[in-house]
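Letters A, B, ... are given to chains in the order of the sequence lines, protein chains preceding strands, and every chain is numbered from 1. All heavy atoms count here, side chains included; hydrogens, waters and symmetry mates do not. If you're wondering where the values come from, they're calculated on a predicted model, not measured in any experiment.
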Protein chains: 2
Amino acid sequence: MVRTESAGPGRTATLSDVAQLAGVSIATASKAINGRDEVAPATRRRVLEAAEQLSFTPNQLARSLLAGRTGTVGLLTSDLEGRFVIPILMGAEDAFGAGQVNVFLCDARGDAIREQHHLKALLNRRVDGIIVVGRQTDPRPSLGTLPVPVVYAYAPSDDQNDLSITPDNRAGGRLAVEHLISCGRSRIAHISGDPAYAAARDRLLGVRDGLQAAGLELVGDAMFSVWSEHWGRDAAALLLAQHPEVDGIVCGSDQIARGVLDTLRDLGRSVPEDVAVIGYDNWEVLATNSRPELTSIDANLQQLGRTAAKRVFTALDDEQRSGTEYQPVRLVIRGSTIPRR
Amino acid sequence: MVRTESAGPGRTATLSDVAQLAGVSIATASKAINGRDEVAPATRRRVLEAAEQLSFTPNQLARSLLAGRTGTVGLLTSDLEGRFVIPILMGAEDAFGAGQVNVFLCDARGDAIREQHHLKALLNRRVDGIIVVGRQTDPRPSLGTLPVPVVYAYAPSDDQNDLSITPDNRAGGRLAVEHLISCGRSRIAHISGDPAYAAARDRLLGVRDGLQAAGLELVGDAMFSVWSEHWGRDAAALLLAQHPEVDGIVCGSDQIARGVLDTLRDLGRSVPEDVAVIGYDNWEVLATNSRPELTSIDANLQQLGRTAAKRVFTALDDEQRSGTEYQPVRLVIRGSTIPRR
DNA sequence: GAAAATACCGAAATGCTTTTCGGTACGTTA
DNA sequence: TAACGTACCGAAAAGCATTTCGGTATTTTC
């Protein structure tokens, strides 16, 4: 059987049970347990012993009802499968110590109706705030004005009165190209994913920023299609055929980069000696299992989640912000740009 | 600023506000809103209008306090990064309609102390039940007897008095090998991951079951090391050197299978014509991006999560079970075992 | 037209904790 | 000894919604 009853009296102990066992009033028991000082040491000891004996734990529901704060946040995401929400979720979850704040997870599956349902449920449960996580960095519709603070993470809100936190894709693109340049590359191409994604466009802007600052130009046109290994392979073949002189490739994602590496290998180009390749997202399972391992841009998503959670609670304490914050990204160097010793 | 106040009276409306506005008692307002029938139609209308006007939503905290049920479950996982917990989490999350039941997510990071903290927090919040999700299929320590039902998912509990739900790895191994046999293969090898994992050992048992039933024997020894592409590549090279006659390879994971495919390609063996390859886990991003796409065993993890959540609530209604349930797995056929037309 | 039944509504209890405030009992000061 | 202060404790309210049960007012029945 699913074990469900404590050995005790069948029911979880309440404060009044503790008080009775200790022979004091409920008020005194509460004070003793919460460390208030209007209680005699001996009494406190009796109460604590009683609480221990009954393995009493205060009912957070009653507590929250009174305090008006629940110590919970809702995390409303549009797709859990996505690789991006998970680190954000982790960051939000541990922004405070274990067990201090708890996260209600809601997956709307990209469905607006479902999202409204979840939203209502969260408000009914009196969450202290809500974090909305999108699956792309394109702006998403605002939830409007709610009785609790809302922070938009990854996908910013389309309303500048909301607070959004999103990775700085433009800086990422620039960082990638600057790294290739610092590795001595000057004939750099860009293979990216779906141009309908703001992420793809922003990263390209960053790439151009970096090239321009170095007085360089992109080799060929930026290549867009989908975020897949297959496209990476095909695009690399195309690129090498038209521009065999290329010596560095900035890829829009690690998946694309994996495909690019495959094709380079097939064509007998060695990485990073002949061509340096850099990915984007730093998706460990892809980046560390390729030959050679993949240099990539990491969007610091876990940090982003932490920041979002913190913002929710500082908003509660009335330090309110708005607009879109861009979270810095970082470069993770591996063998696809720097030869292994 | 983070938008936080409804345009209204600064405070969320309570039932008593509604009652006052409608000119009825609190009791009547409650009945009207909850569809109880001891209230006149005209009165009900007045109340509902008032509720609408104040955009009243009942406080779940108060409701739960009274009902003794919160409509929440805790999901205690040991690593969120893991690829396995996510589908389980999704399944648990949507086991009931949107917004009916909510999931508290807790990531213990594999730390027992942290797990205890989270557990305590969940119990304080009076969750109706707890789902414990491990990252491997090896048995994990039981949480012991708790005041709410507990279901162990993926990683079973080491205590048979608990209820555990885990994928049937042995059946998966057998299914994989049977599929290869049905594709006309008879010289089958097995490359797997870390033998410290029960998953690796169980899958091998299943592979042997399948071979034995067909009167076949494994080609060479089963090869164990780690769950990585690198190992898959190395192992395949070794295997082909010693047993060039091999015509089918059951891999312990999709990662390993990817590595195997790489090596086969390097060695000029075509897949699936010369050698058929099957992976395990059906990790989409790996399986659908390889050349050829990878046939794999899917553990139905989302279904597993749904089942776990359902079990928690049926346990509440006193239909209690124990022991370990094995969740069936399924075969997903792609190009690495059946030639594409 | 009187008795009984029905329909509708409200006071109050319930669930559990925290906090305020009033009250003993004891000791201290003049 | 009278007046006062201190230390400790408990009754009660607050937080919000649900439910029971008793009570009017209205209708039905004979």
Side-chain angles (χ1 to χ4, degrees), chain A residues 9-48 50-51 54-72 120-121 123-128 147, chain B residues 9-48 50-51 54-72 120-121 123-128 147:
Chain A
R11 196 178 51 83
T12 26
T14 95
L15 186 57
S16 113
D17 297 336
V18 175
Q20 196 166 4
L21 181 59
V24 299
S25 77
I26 297 182
T28 304
S30 172
K31 287 178 229 168
I33 287 173
N34 294 336
R36 310 288 307 275
D37 54 354
E38 310 131 337
V39 50
T43 313
R44 183 186 309 272
R45 216 172 308 122
R46 274 211 324 283
V47 172
L48 289 179
L54 300 174
S55 64
F56 165 78
T57 63
N59 187 327
Q60 275 293 342
L61 294 175
R63 212 178 230 183
S64 303
L65 185 57
L66 202 56
R69 279 206 190 182
T70 54
T72 60
K120 200 162 179 189
L123 293 176
N124 287 356
R125 294 200 190 283
R126 296 301 191 268
V127 294
D128 291 337
Chain B
R11 195 178 53 83
T12 28
T14 93
L15 185 57
S16 112
D17 298 334
V18 175
Q20 195 166 4
L21 180 59
V24 299
S25 76
I26 297 182
T28 305
S30 172
K31 287 177 225 165
I33 287 172
N34 294 338
R36 310 289 306 274
D37 54 354
E38 311 131 338
V39 49
T43 314
R44 182 187 306 272
R45 215 172 308 122
R46 278 212 321 285
V47 171
L48 289 180
L54 299 174
S55 64
F56 165 78
T57 63
N59 187 325
Q60 274 294 342
L61 295 176
R63 215 177 229 186
S64 306
L65 186 57
L66 201 55
R69 278 206 191 183
T70 54
T72 59
K120 200 162 178 188
L123 293 176
N124 288 356
R125 293 197 192 284
R126 296 301 189 267
V127 294
D128 291 337

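Phosphate contact (OP1/OP2 of D/dC16, side-chain N/O of B/Ser16, threshold under 4.0 Å): absent. A sub-4.0 Å separation between OP1 or OP2 of D/dT18 and a side-chain N or O of B/Asn34 is present. The side chain of B/Asn59 contributes no N or O atom lying less than 4.0 Å from OP1 or OP2 of D/dG15. Contact between the side-chain N/O atoms of A/Thr43 and the OP1/OP2 oxygens of D/dC9 is found at a separation under 4.0 Å. A sub-4.0 Å separation between OP1 or OP2 of C/dC16 and a side-chain N or O of A/Arg63 is absent.
Looking only at distances, no side-chain donor or acceptor of A/Arg36 sits under 3.5 Å from a matching main-chain atom of A/Ser30.
Side-chain contact check for B/Val47 versus B/Ile33: some heavy-atom pair is nearer than 4.5 Å. Contact of the B/Arg63 side chain with the A/Asn124 side chain is not registered, since no non-hydrogen atoms from C-beta on lie closer than 4.5 Å. The side-chain heavy atoms of A/Val24 and A/Arg46, taken from C-beta on, include a pair separated by under 4.5 Å.
When distances run from any side-chain atom of B/Arg36 to the nucleotides D/dC9, D/dC16, D/dT19, the shortest one goes to D/dT19. For A/Leu65, whose side chain is taken as the heavy atoms from C-beta onward, the closest listed nucleotide among C/dC8, D/dT18, D/dG15 is D/dG15. For A/Ala40, whose side chain is taken as the heavy atoms from C-beta onward, the closest listed nucleotide among D/dC8, C/dT18, D/dA17 is D/dC8.
Distance CG/B/Asp37 to CZ/B/Arg44: 7.5 Å, rounded to 0.5 Å. Going from atom NZ of B/Lys120 over to atom OG1 of A/Thr57 covers 7.5 Å, rounded to the nearest 0.5 Å. Here the straight-line distance linking atom CG of B/Asn59 with atom OG of A/Ser64 works out to 9.5 Å at 0.5 Å rounding.
One atom, CZ of B/Arg126, and another, P of C/dG15, lie 14 Å apart when rounded to the nearest Å. The distance from atom CZ of A/Arg44 to atom C1' of D/dC8 is 12 Å, rounded to the nearest whole Å. For A/Leu66 and C/dG15, the CG to P distance is 18 Å, given to the nearest whole Å. In this structure, CZ of A/Arg46 is placed 13 Å from P of D/dC8, rounded to the nearest angstrom. Atom-to-atom, CZ of B/Arg125 to C1' of C/dC16 comes out at 16 Å; the value is rounded to the nearest Å. A/Gln20 has its CD atom 14 Å from the P atom of C/dT17, to the nearest Å. Taking atom CZ on A/Arg69 and atom C1' on D/dG15, their separation rounds to 16 Å, with Å as the unit. The distance from atom CD of B/Gln60 to atom P of C/dC16 is 17 Å, rounded to the nearest whole Å.
The nearest heavy atom of DNA chain C to A/Glu38 and to A/Pro58 marks one nucleotide each, and the one closer to the 5' end goes with A/Pro58.
Near DNA chain D, meaning a heavy atom under 4.0 Å away, the residues from residues 24-33 of chain A are A/Val24, A/Ser25, A/Ala27, A/Thr28, A/Lys31.
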